[in-house]
Amino acid sequence: MTVLLDNSKDTDRSTSGLAALVGKYLTFKIGHEMYGLEISKIQEVIKIMDITRIPKMPESIRGVINLRGKVIPVVELRTKFNLGVETECDRACIVVVQITRNDRQVAMGIIIDEILEVRNIEENQLEEAPSFGTDINTDFIFGIGKLGKNVVILLDIENVLSQGELNIINQVK
Amino acid sequence: MNDNTILIMIEEAAEAIVFADPMDLQSLALVHTKLTELNSLVELQSSERVAEATMAAACLIEKIILGEISDLKIQSTLDTVSKTVAELQAIFRDGRSILDAQFPEELGLDSIHNHQNVEEVADNFPESKMINDDVIEVESNNYEMNKSDNLKGDSERVEFPLETTDESFLGNEEPVGIQEPYDKKVKSQRILLEKCDSELLGEFILESTEHLESADTHLLTLEAAPDNDESINAVFRAFHSIKGVAGFLFLDEIGGLAHEAENLLDKARQKRILLTGDSIDVIFESADLMKTLIAAIEQAMVSKKDLYTNEKVEVLVNRIKNISEGKFDNKKVTEADRQIQNFVLDESSEDSLECNISQFEPEESVSQTAQSAVALKETIKVDAYRLDRLVDLIGELVVSESMIRQSRELQQNKSANLNRQLVLQQKITRNLQELGTNLRMVPVKSTFGKMARLVRDLAKKSQKKITLTMAGEDTELDKTVVQKIGDPLVHMIRNSVDHGIESPQDRIQVKKSENGTIELHAFHKGGNVFIEIRDDGRGLDPQKILDRAIERGLVSAENNLSEIEILNLVFQPGFSTAEKVTEISGRGVGMDVVKRNIEQLRGQVEVKSTVGKGSVFSMRVPLTLAIIDGMIVQVGCERYIFPTLSITKTVRPDPNDISTVINRGEMYCLHDHHIPLFRLYKLFNIENARTELDEGLVIVIEDEGKQIAIMVDELLGQQQIVIKSLGEVLNGTCGIAGGAIMSDGQVGVILDINGLIKLARSR
């Protein structure tokens with residue numbers, strides 16, 4: 001799968017620096033890594049349920065679920081983040097987030113392995129997203145939060161589905 | 001004689017008010033003097049009520065002079081006074097009965113000296129303003145949006161929203177511009193569009209379109225019965241409302257046109273002229289031109305382009321003027337009168353224009369509106385998205401309720417009491433569900449109404465006499481369907497008028513009545529709605545159609561076609577039976593477009609005809625676009641839904657019917673035709689599917705004349721499916737039309753046959 005570099009990254013963030021990232025994050029685990037999502041983007045968290053596969057989709061799109069009468073797509077980050085393929089444990093959840101697509105708010109689900117907690121992350125706990133050269137795409141990472149010894153990867157949910165993947169969806173048309 | 005003296009006094013008072021300036025005490029004093037003089041006159045000779053009104057008005061002026069009224073309210077108080085004078089003008093100049101006079105509430109006629117009254121009314125205003133902020137807009141209150149901030153809270157408005165609000169527009173101190181003479185060049189429209197709120201403008205466009213539609217319907221009634229008061233009033237109201245809002249939004253063109261048309265209608269109301277021939281035609285034309293103007297505004301709004309004035313307006317305005325003057329002699333006087341007044345008003349420019357309003361406010365107007373307001377059904381405009389969410393949630397409620405009812409825990413603990421409550425709940429859910437499905441339903445009346453207008457115009461153009469009868473206008477359909485059947489209906493009606501109904505001479509020759517009839521009939525049948533267009537014209541001649549079709553190369557002469565098949569050839573592209581191309585129809589497009597449009601709605605269209613007797617075009621459309629009949633199939637452990645309409649055949653294949661091409665592509669033999677066969681599990685990479693042909697099933701699907709066979713594991717059943725979008729991210733995926741919530745609450749995937757065929761062929 002080709003993942004194109006997404007250049008449309010939020011420039012406001014970089015100018016205002018890490019200070020803009022201070023706030024509350026929902027932390028959760030995917031594989032052995034800890035991730036964080038801005039609380040303001042999160043609509044709800046639901047228990048994992050049967051997901052209907054949609055044919056001809058990139059690997060990261062697992063399919064769709066019925067969220068109280070509304071059909072929403074569900075994204076699997078495990079393969080995208082190179083965390084191997086594992087079967088979901090019973091603690092697995094779907095975090096429903098609100099993202100903006102074409103100026104409209106749409107709901108999208110993200111499969112995670114385990115919910116941890118909601119944490120307040122201060123400026124002194126924040127670090128820039130590391131760069132690993134071209135091998136690893138870190139466009140969808142705002143930065144790193146340090147919670148004691150643990151490291152939380154703060155996800156830029158708007159850009160998790162890269163332009164490349166959306167292009168694949170559109171090519172299927 | 002005495003009345004004449006009073007009239008002169010009133011006119012003087014009116015003039016004084018026009019020139020009154022809150023800052024100029026002398027001008028106010030003049031108004032006061034005029035009013036008190038008037039009061040002493042009417043006290044002797046006229047009714048008590050009029051005297052009271054003048055007295056109250058004089059009191060108000062006095063209060064302004066004495067500085068008892070706060071600066072903010074001075075203007076509104078002046079407006080009240082000028083309204084009162086306008087009302088007096090109506091009584092003494094235009095002969096309105098005193099009993100019908102509507103003096104402004106603010107006068108506080110019952111307690112003249114209670115100044116508190118004015119204060120109170122003015123204080124009421126914030127309340128009515130709050131209505132503006134309400135997201136859900138009750139239609140009758142829409143005009144509230146357009147009020148400017150300094151309007152008085154006129155309690156009358158609540159009761160008679162349509163008229164009184166407009167009155168307050170006119171009484172508004174802002175340069176309304178409605179009363180200005182229209183031959184005067186108006187300000188550039190470009191500035192005006194920027195000036196007014198695009199939201200208000202949007203509201204205006206929607207509302208005026210509705211008003212014009214209702215005006216059309218009533219105009220048709222009026223044409224048949226020129227003395228129908230109710231229709232005259234309805235049309236008058238429509239134009240009046242448009243005028244009011246247009247004036248407020250500085251849309252002088254529309255306002256001017258509406259105003260002239262309204263004047264003409266007003267005369268008809270007062271039985272001074274009869275609306276026939278030319279006079280009704282100009283009203284029709286005004287409605288049309290207004291539609292054009294409104295469309296132009298909409299265009300300008302969407303494309304953000306400049307708006308230019310339409311020269312037709314002036315021509316039409318002059319024509320209307322000529323008609324109203326030509327028909328009526330003393331009208332000239334009034335007309336000239338008005339010109340003079342306008343001149344005066346222009347001089348005074350920004351001030352109140354109230355003094356000649358009475359001329360355009362006929363006495364019945366308020367009471368009429370009051371009556372019709374009672375009859376009006378209250379409607380609420382709601383965001384379509386919210387409505388869809390509501391329907392979605394009701395669907396979920398039904399699923400979750402059945403889950404609860406069937407849960408083992410509940411079954412074990414069932415008591416009589418619990419059972420009763422469950423039954424009650426089930427009833428409520430069922431009612432909710434019914435209501436939910438009906439929410440989007442609207443009667444076809446609006447679309448039918450447009451057809452009435454169309455028939456009238458077409459008949460005039462082609463000089464035929466045609467009566468249109470309608471039945472079942474109250475049949476309800478999903479709003480989108482109602483909108484989408486409009487175009488096909490127009491085509492079919494045009495066809496009937498142009499090709500179906502004969503000219504009056506021809507009809508007499510074949511011993512038919514001179515008047516042709518077209519029947520428009522809507523009715524329910526078997527979960528669908530049928531709309532029939534039946535005419536008693538010459539009918540379709542199968543021989544002619546066949547000849548034409550052969551000539552056009554649509555069929556070959558050897559084909560043995562049944563009569564029905566021949567008749568349905570008219571729906572083929574490139575077929576036109578009109579001997580000559582007319583303005584109305586016969587461009588060779590039309591019926592094929594009709595067929596395509598209706599098929600897009602998942603409907604069908606058919607034609608039946610008897611030569612010499614007439615023909616019937618009948619179209620069948622589904623109640624809603626949101627529900628389809630679906631065939632649920634299983635492939636591996638996944639479920640897919642085929643729209644039943646596109647399935648031609650389902651068979652368990654005989655391996656002998658399958659042949660391979662270059663050992664890769666497969667062909668299925670159906671009635672001696674070989675059609676390509678695809679396996680769904682291969683197309684969609686489905687795991688654990690049956691791979692042996694004789695274990696599976698073959699579904700033959702068709703779209704736009706192309707057939708392919710698709711292999712699936714097995715059929716699970718057929719049911720009605722509510723189509724749901726897959727959402728912004730996944731929409732438009734090839735071969736997939738959407739999702740559906742299945743009975744177990746999971747999502748099923750609905751296949752898009754067209755896309756599936758394309759996908760299969762692209763491999």
Side-chain angles (χ1 to χ4, degrees), chain A residues 1 43-44 46-77 80 85 94 96-110 157-173, chain B residues 385 388-400 436 635-641 680-689 722-752 754-756 758-759 762-763:
Chain A
M1 185 198 323
Q43 181 185 318
E44 61 191 294
I46 49 175
K47 243 183 96 60
I48 191 89
M49 53 162 93
D50 284 332
I51 298 167
T52 305
R53 189 183 73 100
I54 301 290
K56 310 240 129 206
M57 281 292 137
E59 248 180 308
S60 49
I61 295 183
R62 270 285 294 275
V64 291
I65 54 163
N66 166 20
L67 182 72
R68 295 189 301 281
K70 216 174 154 185
V71 179
I72 65 164
V74 177
V75 173
E76 162 92 282
L77 297 178
K80 192 179 169 76
V85 187
I94 296 173
V96 181
V97 293
Q98 291 274 352
I99 58 170
T100 315
R101 282 266 174 266
N102 306 333
D103 293 332
R104 278 171 65 186
Q105 290 279 307
V106 291
M108 179 175 89
I110 293 167
I157 197 64
E158 296 280 349
N159 290 317
V160 157
L161 273 194
S162 66
Q163 208 54 49
E165 278 158 312
L166 291 173
N167 282 347
I168 290 172
I169 296 172
N170 292 337
Q171 272 163 22
V172 180
K173 275 184 192 175
Chain B
Y385 173 77
D388 290 344
R389 272 309 282 153
L390 179 70
V391 176
D392 282 356
L393 286 176
I394 293 173
E396 280 307 288
L397 185 67
V398 174
V399 173
S400 92
V635 185
C637 43
E638 296 178 9
R639 278 176 303 187
Y640 291 92
I641 300 154
L680 199 61
Y681 70 88
K682 275 190 186 162
L683 286 179
F684 282 171
N685 307 321
I686 302 165
E687 286 164 17
N688 304 326
V722 179
I723 303 178
K724 301 236 156 130
S725 143
L726 287 184
E728 207 82 348
V729 184
L730 300 181
N731 247 356
T733 314
C734 187
I736 292 164
I741 313 285
M742 311 299 287
S743 48
D744 59 359
Q746 279 204 48
V747 184
V749 178
I750 304 172
L751 297 173
D752 162 33
N754 188 334
L756 193 67
K758 269 189 203 144
L759 181 76
S762 67
R763 282 165 64 94

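The figures here come from the full heavy-atom set of this structure, side chains too, leaving out hydrogens, waters and symmetry mates. To find a chain, count down the sequence lines: A is the first, B the second, and so on, and within it residues start at 1.
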One option among T52(A), V71(A), N66(A), I72(A) has the most heavy-atom pairs under 4.5 Å with chain B, and it is N66(A)
Can you name the salt bridge (charged side-chain N to carboxylate O under 4.0 Å, His left out) partners of D392(B), sequence neighbours left out?
R389(B), K724(B)
By salt bridge (charged side-chain N to carboxylate O under 4.0 Å, His left out) - contacts of E396(B) (at least two apart):
none
One thing to verify: whether R68(A) and E44(A) come together as a salt bridge, which I'm taking to mean a side-chain N less than 4.0 angstrom from a carboxylate O.
yes
First locate atom CG of L751(B), then atom CG of L680(B), and finally report the distance between them rounded to the nearest 0.5 Å.
6.0 Å
Region of Y385(B) that comes under 4.5 Å of a non-hydrogen atom in chain A:
side chain
At a 4.5 Å cut-off on heavy atoms, which part of I686(B) comes close to chain A: side chain, backbone, both, or neither?
both
